[in-house]
Amino acid sequence: MKNIKIKTICIAVIGSFIISSCEDFVEINTDPIGNKTTSPAQLLAPSLVNLLSVNMLRGRTFNNELMQVSVSISDAEGTVNRYAFRRNWADYTWNGLFSELTNVRDIYALASQPEYQSNSLMGISRILEAYAFSILTDTYGDIPYSEANKGKDGIVEAKFDRQKDIYLDLFKKLEEANILLTAGTAIPESSDPVFNGDIAKWRKLGNSLYLRLLLRISGKTEVASAVIDKFKEIVNNPTQYPIMTTNDDTAKLLWTTSSTSTALYSSPYTSIRGLDFRSAISKFFIDNLRDWGHPVLNNAYGRNGVNRWGISTVGGNLVGVPSGFSPGSISSGQSAFYSYDNVPGTGTANAGYSLQVDPYTGIIMNVAEVDFILAEGILRGWITGSVETYYNKGILDMIQYWIPTYPAANLSDYMTAADIRWEDAQLFEDRMEALHLQKYYALFLIDSQQWAEYRRTGHPVLPINGPGTSFANGGIMPARLYYPVIAQTANRDSYNDAIAIQGPDEINTQIWWQKP
Amino acid sequence: MKRRSIHCLESFFPDVTRLRQIVGRAFLFFEFNKVAITVFTVALICFQALMQETFAASAQEIITISGVVVDDQDSEPLPAVTILDDSKKRLDVTAVNGSFTVQVPKDTEVSFNMIGYTAFRRVFNASQTNVTIRLKADVSQLNEVVVTALGIKREQKSLGYAVSIIDSTALTNAISSNWTDALSGKVAGLNLVRNSGPAGSNKIILRGENNLTGDNEALIVIDGVVASASGSRSASPSGGVYGTSGDNMPVDYGSALNDINPEDIESVTVLKGPGAAALYGQRGANGAILITTKSGNTKRKTLGINFSQNITFEEVNRKPDLQREYGQGLGGAAYYSRGASADGPNTNSTSSAWGPKFDGQYYFQWDPELQNTGLTRTPWVAKANPIDAFFKRGYDSNTSASLDGNINKTNLRLALNHNENDWIAPNTGYERTSVALSLNSKITKKLTLSGKATYNNKNSDNLPTTGFGNQAYMYWVYFSQPNVDPNYYKDYWVRGAENRQFINITTTTLESPYAISYEYLNTQKRNGVVGNIQLSYQLAKGLLAQGRVSLDQNKNITEQMRPYDAAGAKFAQGSYRIQNATTYEKNADVLLKYDTKINKDIQLSVTGGGSMLRNEYRKGESRADGLKVPDFYDLSNNINPIISVPDTSRYRFNSVYGLVSASYKDYLYVDVTGRQDWSSVLASPLRTADVGFFYPSVNMAFIPSDFWALPKTFNFVKLRASYSQVGSGSTRAYLTAYNYLPANNGLYPNGSTANPTILPALNLKPLMTTTYEVGTDVRMFKNRLNVDVALYKGNTKNQILSRVVDRSSGYASAVINAGRIDNKGIEIGLNGTPIQMKGKNSFQWTATATFSANRNEIKELLDSSVVLRNSPIGNAQVIANVGGSMGDMYGLGFVRSPQGQIVYKDGMPQIDPDPVYLGNSIPKFKTSLGSTFSYKRVSLSVLFDAQFGAVGNAFSLARIGENGKSALTLPGRYNGIIGNGVILNTDGTYRPNDVIATNIPAYYKTVYYDNAEGTMFSTDFVKFREANLAYSLPSSFVKNMGLSKVTISGFGRNLFIWSPWPVFDPEFGSLAGTDIVTGFEVGQLPSTRTYGLRLVVGL
């Protein structure tokens, strides 16, 4: 009798455990902070900020150094300007852009669903894809593309695609975007810190980007004629393919002037230590501007006695560092970018004088670049028109981007005084140099476009390997960056397949569009 | 713990090669042993049958003896005393009241045996009743009854798996602010991965890492309460340890486990293998540490009061060798000048010390009075070493008082503890107060109620930031210049801009360490309760029901304050962040235990039970990055909108389990266990079923010494064997569903989201660990030599691991079930008494030694190679490859000739663009040696331990090597250096390197900074771990003062470290999230030696 009682207790106790075992476990194991799904618009703002952050930060430490804009004189990590750098410095662009492309591609996927259907967001996603993937492939060459960002579908070791295939597919995506954006379906304004929901401007950005990419591979024989035809088609059909025409069209994300790096829409540059931001300016970069009397270095157009680009003077003079200077050989003070916390005369942190806290540094693409693209199209005879018109417009648009109050009427005098007027009579190469020297300044701070244009055209001619300089890599401009070592180890087979086709994973291995 | 040293071990101790050979042989023996033991056991059983017949033949006159067995000291009856005849035949076992009745042939010598007591032998030549046998406690065996899984107390003799017990004195002899430190060197197979600092956490790993990432820690059980909530570390969440461009750097706030007062610990039982911990399921797969806190002494007639006071000093015990011969400057600098001066342009904007030699010259340098460059030249000399100058002597005071006794049928113990710690960096430390209460009440004869509760309170005004970046001390240590006096950094605000702008002595925005100490504050307030209530009821004879509820709850409020101009001015307007975290784990379990005697020889115990576990962690964090008014830390002082960063985790386990223990006579014991778990962390929207998993274990102990009359040399011999499986679903929640998260920590006002960076495993399966273990426990020479050997082998399948994936997948890491890892090892524990002079209080030497070795091999993986961890330097990674072993490190290394020499070109070593194998971060073996010498009332104990066979990457050395601060960078300045290696000739042959490298900074940068191999160092060490000299005052003297005992001791910990490791402590760990990872050293805080005085007074 007693035994039966005990057994009953036993069974009841154990039984109750089994019954209660897994009733609400799925709910328990659901993260209450996140969401199973999201609307595509909610993904947009952070994607734009993060893409720009990666491009601005890496543009500063790589493009600006390679292209002799600035010369980091810190001996710790300061040799990019001499073309010597550690392999893993190249990881940042890869890691940053690929991570963000998950959100970018997801915007398209979500906006395609009936629930969140939005042609505009689909189109914006395509444009951002073209923007980010073109920077990636221009930086590394062949990259994962068709299988990229598919970890969710079980692909964590994406195969690499050829650069040619990537470019041709990006063109398709930009065509698609142009169609998707035609209707101009509204999107939430707050989700779009770039154009505040102005879909027409997105469409102009897409087509302008299309021109940038077409021009980039136009030297490649196997695609040249098709690319040039498309270039003509876009330029000649402004209704079907609207492009940027004024600074109002420029794709930029205006930052706040906050110096708190974690604040909403604070400039990505605020995450850089003031010390590091105060890079010295190269002699090449500053001498041209100084000699021309360029408005961005004219204190009158700046603020509180500091020029518009926040470049310091040494004893009232703008002094640059010679390219390839030997370590320890800097014999006097140099002009440098002011950091937000190092403002002359104040001795205290104060925002508003430095590019570090300037709202205007977040540029995806500007109208001046489009002007110079068109100028080159005319110069190369693809389209008709006056090179000079677009050349002048490019110079003015560049000045007015930074100094909106600059009177257009002053341009002519400035160009005459600077001796930079367009001269059709010059040799083709000289005209290219003149055009690209101006374009170089127009592309200031725009991801790594200066570097890409230099690799495409060889312009502007940089003072590399001058006497008394010490350049690594034989003074040869790196053609690409290394793949991240993590790609080498965590995606070993695909990596090996890629280098078997493209060539060794070295900085002098030319990428597809660089070769004729 | 009393152990004995073996002299041969001592003699080959330093001989690494020899040890390796022996380990190799041991593995062979292991394979053989498995088969041998099985055969042996079967043979024994057959033998036994034969012998019984033999003895039966020689019967004669039978007498009957009955009586009672009592403890000699307190005359309490002793149950379960085994009574044997002279042929070791079992006659009877005493009942609960100590009574027995035996029938033996006349003139038989009868022995009364009980573990923990000296056997008593007596020859009976006539029948007798009311005999009282008094057994004397054997001091060397007091701990033989051990707490096993689920709190079940067992005779150690009957266990078929390896168990180690550490008693309280071993933990308090040389007290440490984190009592888990005291486990080092005391248990074979126990490893501690430690993070330094005042609240530094330890991670306890038994028998090597079973799991590739994440869950590989031993389960911590406090008085039956699974203390996973207390055990979880609470690091500040933001940035990584390499933080020059990151966010707030991590702070080790310690785990609540650290807060346990070692004085309250009665004993620690270490269940090393899964076999032992099988009943704990889930988290028991990595072994378990069972902590039993002290209870009231049931035998005490009066109230007992104990008081102890420890005073401990702490100082840096080892440091990297910083050069003091050359000052700040770039390579080849002919002079130094802070700012442009008459001597030339500024040379101050470098972090390097490749500058002019200290040669008695005079330069324009920093003038602390002017807070600027001096107006006159001052001597160019080396100033104080930054480590010596900045870190001071730390102080720790630990006061404990306890009260215990009996009131009616309740015995209780109440303990109070207060601990104050002033760490080696200025303005860091904490204070801690705890109250522990233990109650045990026999309500009726059958009903017992017991409860234990500990309340802990920990407060800190500032704990150091760890890692390598502007906010951390070590960044300054490695970047400060030999020519700058560390004292200059004490005056860190620019005059007139106090609280707004820091001075900049070297123009490299180097944070003053004093500013870090006084202005970058990380505070903590933690309140925690661990407790349980247990009710047991004797339902019937042999049937016991037990119910228990336990709670482990912690509330942890932490703050980080950053001043204006902080962190190289990345927090230009300062920052204030506060976290409020609550963690709890509730556990309820029931247990039914039924003991029965099937017949005279076979006893059976059946236990069944079930448990429910609820674990939840909830954290709210508010951030005011950017303050309106400097130096006022409050959320209302925000310039920017306050950002809220929540975090949470929760899981539940439900389990049923059973244990059947059978014993045959007193020499054969078998346990069979089974457990079924249902784990919420496996539940996925895709699959709701299948969250349960079952696993069994079997173990067996055979006692040959009770079976045969072995030669007198052997007092006790046990052979044990076990097979066990343990499943685990890990304890990381939310890994099974794809989840969009608030973008940038919820920075965006309109609820912007982002895809996760960790790819979930929608179909997550439990991992399963299978282990075979054999072992032996031999006690010889009147228990003066005890040897315990365990050999184990097993594998873990379906590892749940977080794998680093290439970002082109769109994600940073992926959770996967992958692989099979085989693990095998040996553990040897020796203890003994080499010298025992006759007589009470005469000279005695007891010695202990441990040895453990572990090998693992990765047998299967999802892919051929899985990247597990990354380092900030030289692309070093921990990578799992099939055929490799866990902890294998790869990274950039030198190009080597076919003969293995480094290849040089133009004087510089060449770096291989493909990652190379750099070594393994897990030690091949560990060993320890300890001795206690006592004479009369004085005792001296020492403990040394050592590990061999692992390497680590020293990031700190990479920095001080690259910037010329390390003494290793002195050779070659400035006549050039010829690196040791070869040069590739044009014909493909090699010749010894004959080219002088003249660019010394570039040379050392290539060696130490541009690759990972240059900073790989052996982490072998020998440590003088503990020393203790104790003196007990004579009892007559003490009694005159009205006290019961007074002991005074002096002690030291981590007194010396002998190691080739170039930074601080070769036993380092770095914080990574809430984990502590090995292999990569990143800005490790100084390790310390502690020494102090201890006073114990009993009333």
Side-chain angles (χ1 to χ4, degrees), chain A residues 2 6 10 13-14 17-18 20-22 25-26 28-35 38 42-43 45-46 75-76 86 88 94-95 98-99 102-103 106 144 148-149 151 156 158 190 258-264 271 273-275 327-328 331-332 340-341 347-349 485-487 489-492, chain B residues 330 332-333 345 350-352 497 500-501 509 540 568-570 572-573 590 592 610 625-626 640 646 648 650 652 654 656 678 680-681 683 685 688 691 733-734 736-737 739-741 743-744 747-748 750-755 759 804-811 814 865 867 875 877 879 915 1010:
Chain A
K2 208 171 187 179
I6 290 157
C10 270
V13 167
I14 292 168
F17 273 98
I18 295 170
S20 67
S21 60
C22 40
F25 275 8
V26 175
I28 302 272
N29 202 30
T30 301
D31 187 347
I33 291 168
N35 281 304
T38 188
Q42 281 182 306
L43 293 171
D75 50 326
R86 299 208 327 250
N88 67 348
W94 181 282
N95 290 345
F98 270 120
S99 299
T102 306
N103 291 315
D106 207 26
N149 301 88
V156 292
S190 66
S258 169
S259 54
T260 299
S261 62
T262 49
L264 184 63
S271 68
R273 296 186 293 189
L275 155 79
S331 56
S332 59
Y340 76 91
D341 62 336
T348 54
V485 174
I486 195 77
T489 52
N491 191 8
R492 192 188 284 170
Chain B
L330 294 167
T350 174
S351 303
S352 296
R500 288 182 176 271
Q501 195 183 2
T509 318
K570 264 181 301 188
Q573 296 160 304
V590 290
L592 271 174
D625 287 353
N640 301 297
T648 176
R650 64 187 170 204
R652 294 182 179 182
N654 294 330
V656 291
W678 292 270
S680 74
V681 299
T688 53
V691 296
Y734 316 143
T736 59
N739 205 15
Y740 289 94
L741 298 166
N744 295 39
L747 175 68
Y748 294 83
N750 56 354
S752 287
T753 48
N755 278 273
L759 208 51
V804 180
V805 293
D806 178 31
R807 293 290 182 130
S808 69
S809 67
Y811 301 87
S865 133
V867 178
N875 299 310
Q877 299 167 0
I879 300 181
D1010 290 349

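All chains are named by letter (A, B, ...) in the order of the sequence lines, taking the proteins before the strands, and each is independently numbered beginning at 1.
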Under 4.5 Å from a heavy atom of chain A, the part of [X] involved:
| X | result |
| --- | --- |
| B/Asp806 | both |
| B/Ala737 | neither |
| B/Ala733 | both |
| B/Asn744 | side chain |

[X] side, atom [atom1]; [Y] side, atom [atom2] - distance, nearest 0.5 Å:
| X | Y | atom1 | atom2 | value |
| --- | --- | --- | --- | --- |
| B/Asn755 | A/Ser99 | CG | OG | 10.5 Å |
| B/Asn640 | A/Ser259 | CG | OG | 8.5 Å |
| B/Tyr734 | A/Thr30 | OH | OG1 | 8.0 Å |

Pair count under 4.5 Å, heavy atoms only, with chain A: among B/Ser808, B/Gly626, B/Ala743, highest is B/Ser808
Ranked by heavy-atom pairs below 4.5 Å to chain A, first place among B/Asn739, B/Leu741, B/Val805, B/Val804 goes to B/Asn739
What closest approach, in Å, do [X] and [Y] show between heavy atoms, and which atom pair accounts for it?
| X | Y | result |
| --- | --- | --- |
| A/Leu43 | B/Thr753 | CD2-O, 3.2 Å |
| B/Thr736 | A/Asn29 | OG1-ND2, 3.0 Å |
| B/Arg650 | A/Ile28 | NE-O, 2.9 Å |
| A/Phe98 | B/Arg807 | CB-O, 3.2 Å |

Hits for side chain to side chain donor-acceptor pair (under 3.5 Å) against A/Asn149, two or more places apart or cross-chain, chain-then-number order -> A/Thr102
Ranked by heavy-atom pairs below 4.5 Å to chain B, first place among A/Pro144, A/Ala158, A/Ala148, A/Pro32 goes to A/Pro32
Residue set satisfying side-chain contact (heavy atoms from CB on, under 4.5 Å) with B/Ile879, at least two apart, ordered chain then number -> A/Thr489, B/Ser865, B/Val867, B/Gln877, B/Asn881, B/Tyr890
B/Arg652 side chain vs A/Phe25 backbone, donor-acceptor pair below 3.5 Å: no
Of A/Asp31, A/Asp106, A/Asn103, A/Asn35, the one forming a side chain to side chain donor-acceptor pair (under 3.5 Å) with B/Tyr740 is A/Asp106
